[in-house]
Amino acid sequence: MLELGLLKSNKERTIQGLKKRNYSDEALLVIDRILAEDEARRNAQVELDNNLAESKRLAGEIGGLLKAGKASEAEAIKATVANLKEQAKDLENAMKVASERLEELLLSVPNIPHHSVPAGKSAEDNEVYKAWDKPLPVLAPGAQPHWELAKKYNIFDLDLGVKLTGAGFPVFRGKGARLERSLINFFLDEASRAGYEEIAPPLMVNKESARATGQLPDKEGQMYYVERDDLYLIPTAEVPVTNIYRDVIVDEKDFPIKMTGYTQCFRREAGSYGAHVRGLNRVHQFDKVEIVQIAHPDSSYEQLEGMIAHVSGLMDKLELPYRILRLCGGDMGFTSALTFDFEVWSAAQERWLEVSSVSNFETYQSNRLKVRFKDGNKTRLAHTLNGSALALARIVAALLENNQTPEGIRIPKVLQAYTGWDIID
RNA sequence: GGAGAAAUGGCAGAGCGGUUUAAUGCGGCGGUCUUGAAAACCGUUGUACUGAAAGGUACCGGGGGUUCGAAUCCCUCUUUCUCCGCCA
């Protein structure tokens, strides 16, 4: 949720930011509506506070009079207080209505893009931040996409997943299951080495948590929901891990807080079927290691650089061709101020697949989370950042496709210590 | 799932209808003393909104109610503890 103070102190910056997200002049009117509701709320509060202060004072007076045995005088004041109370009801209501409207409006406004975010409408306008400058792998004739390879080597089985659960729930088996576990361990070990504390969080969260990181109300339809217990299956470890610091005032010397977590991720991905989502390209359940940071506003972009370097290192070690995109205003997530996407080259499909998204949310998320720190005697919102390091399903897809040889699928050196073998055949 | 008890500031813990602007202790921070530290002593010590400021308002697990007045009484939900049941 956008910080109201930021919007008030720099309306022009907010307008320019929203224009980068392709807001029309008409849509920009939301800003004036926000300012109007804010004023209505403040006015109602000032009146209410005065009313309550007077009631409180009179109630004390009644106590004194009753003790002194002046019952009739006390009765007279009671009437006045009753009258004040009637008015208080209306004021309270006015304040509540204005607050709710204000919040609703604020929630409808996305984060203000960082100044480096390029203008643009769609994925095609994203800026290539770091291109792959070496040759892309050329596969031998007869090379297959990963879903064919999966059948050939019995690595994972989507049809079996349909039997057990439904479409989009792969069953990994044999060397495929081992490869999955190896990648998870490799990613976690790398993150630990880079100073991230390992967290093993719950896979279900309550409404409060989903709201605080911005999944609610924005992405409600994307999450699996357990109605009976009012819980959501997490779409990413970001949700439980970031929420560890919900309502926490962090000691400034603990910055940056770095956490990593492996979880399975659950996404409904309603309505997306077809050739472009075959195999592991898009599934309802997948494994992901996430890195999360809570940082001082002055150094959050430095930390973002560090996260990009970390993810780049993973790709290098896995010997996978990749590129980094700086997302344009039109393609960036609702809550992000700056996002870099990592895409891996899928040789058999001959296309780039998104495997990581690294973002700085500045105070957009922390405003909901209320992660703060003391700056002198002021309390300020911290910055939150997160990124995938990495998402498994598509990495597996790329690994299988790019490393296929007539003899079998070659395993990158760095993973061999985890798998215990160097080829899937 | 059943029965009982409880939830108060960073922690411990008093208060159980009217100067509570929440006692006291511990911890934290600042200071005195000291070569330094400890001890002792003094001061200070939440969050949010509002206001130019002084100040005001709200918050004693969450929500609702009774009352002129609620941390205190009532209802409800949640959580924790004890016992029973079930169980990887």
Which base sits across from [N] as a Watson-Crick or G-U pair, both distances under 3.5 Å?
{"N": "rA70(B)", "value": "none"}
{"N": "rA3(B)", "value": "rU82(B)"}
{"N": "rU20(B)", "value": "none"}
{"N": "rA14(B)", "value": "none"}
{"N": "rA48(B)", "value": "rU57(B)"}
{"N": "rC41(B)", "value": "rG31(B)"}

Looking at [options], which one has an atom nearest to any side-chain atom of [X]?
{"X": "R372(A)", "options": "rC49(B), rA48(B), rG69(B)", "value": "rA48(B)"}
{"X": "A53(A)", "options": "rU57(B), rU47(B), rC68(B)", "value": "rU57(B)"}
{"X": "I249(A)", "options": "rU50(B), rA58(B), rU47(B)", "value": "rU47(B)"}

Pairwise [atom1] distance, [M] and [N] [rounded to whole Å]:
{"N": "rA22(B)", "M": "rU78(B)", "atom1": "P", "value": "32 Å"}
{"N": "rC33(B)", "M": "rC42(B)", "atom1": "P", "value": "16 Å"}
{"N": "rA54(B)", "M": "rU72(B)", "atom1": "P", "value": "31 Å"}
{"N": "rU24(B)", "M": "rG9(B)", "atom1": "C1'", "value": "13 Å"}
{"N": "rU34(B)", "M": "rA39(B)", "atom1": "C1'", "value": "11 Å"}
{"N": "rA5(B)", "M": "rC86(B)", "atom1": "P", "value": "24 Å"}
{"N": "rU79(B)", "M": "rG46(B)", "atom1": "P", "value": "32 Å"}
{"N": "rA6(B)", "M": "rC73(B)", "atom1": "P", "value": "11 Å"}

I need the [atom1]-[atom2] distance between [X] and [N], as an integer number of Å.
{"X": "N93(A)", "N": "rG64(B)", "atom1": "CG", "atom2": "P", "value": "12 Å"}
{"X": "L58(A)", "N": "rU67(B)", "atom1": "CG", "atom2": "P", "value": "18 Å"}
{"X": "D49(A)", "N": "rC59(B)", "atom1": "CG", "atom2": "P", "value": "11 Å"}
{"X": "K207(A)", "N": "rC77(B)", "atom1": "NZ", "atom2": "P", "value": "17 Å"}
{"X": "N51(A)", "N": "rC68(B)", "atom1": "CG", "atom2": "P", "value": "16 Å"}
{"X": "E103(A)", "N": "rA48(B)", "atom1": "CD", "atom2": "P", "value": "17 Å"}
{"X": "R42(A)", "N": "rG56(B)", "atom1": "CZ", "atom2": "P", "value": "21 Å"}
{"X": "K374(A)", "N": "rC29(B)", "atom1": "NZ", "atom2": "C1'", "value": "13 Å"}

How would you label the contact of [X] with the nucleic acid (heavy atoms, under 4.0 Å): base, sugar-phosphate, or nothing?
{"X": "I62(A)", "result": "base"}
{"X": "T379(A)", "result": "sugar-phosphate"}
{"X": "K370(A)", "result": "nothing"}

Heavy-atom distance under 4.5 Å between the side chains of D287(A) and R181(A), does that happen here?
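The answer is no; the side chains never approach within 4.5 Å.
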
Students often mix this up, so state it plainly: with edges at 30° and 60°, are the rings of F186(A) and Y418(A) parallel, tilted or perpendicular?
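Rings of F186(A) and Y418(A): perpendicular, as their planes differ by over 60°.
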
Which of parallel (below 30°), tilted (30 to 60°) and perpendicular (above 60°) describes Y224(A) and F169(A)?
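Correct class here is tilted.
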
Closest-nucleotide ordering on RNA chain B, the 5'-leading residue of L52(A) and A82(A)
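Comparing both residues, the 5'-ward one is L52(A).
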
Considering heavy-atom distances to RNA chain B, does N50(A) or S55(A) have its closest nucleotide positioned more toward the 5' end?
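Nearest nucleotide further toward 5': that of N50(A).
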
Could you tell me whether the side chains of [X] and [Y] share a donor-acceptor contact shorter than 3.5 Å?
{"X": "Y232(A)", "Y": "E220(A)", "value": "yes"}
{"X": "Q365(A)", "Y": "E238(A)", "value": "yes"}
{"X": "S357(A)", "Y": "D341(A)", "value": "yes"}

Is a side-chain donor or acceptor of S366(A) paired with a backbone partner of A382(A) at a separation under 3.5 angstrom?
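Looks like yes, one N/O pair under 3.5 Å.
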
Residue-phosphate contact under 4.0 Å: K56(A) side-chain N/O, rC68(B) OP1/OP2:
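For rC68(B), neither OP1 nor OP2 has a side-chain N or O of K56(A) closer than 4.0 Å.
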
Ignoring backbone atoms, test whether R57(A) places a side-chain nitrogen or oxygen under 4.0 Å from the OP1 or OP2 oxygen of rC68(B).
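Result: no.
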
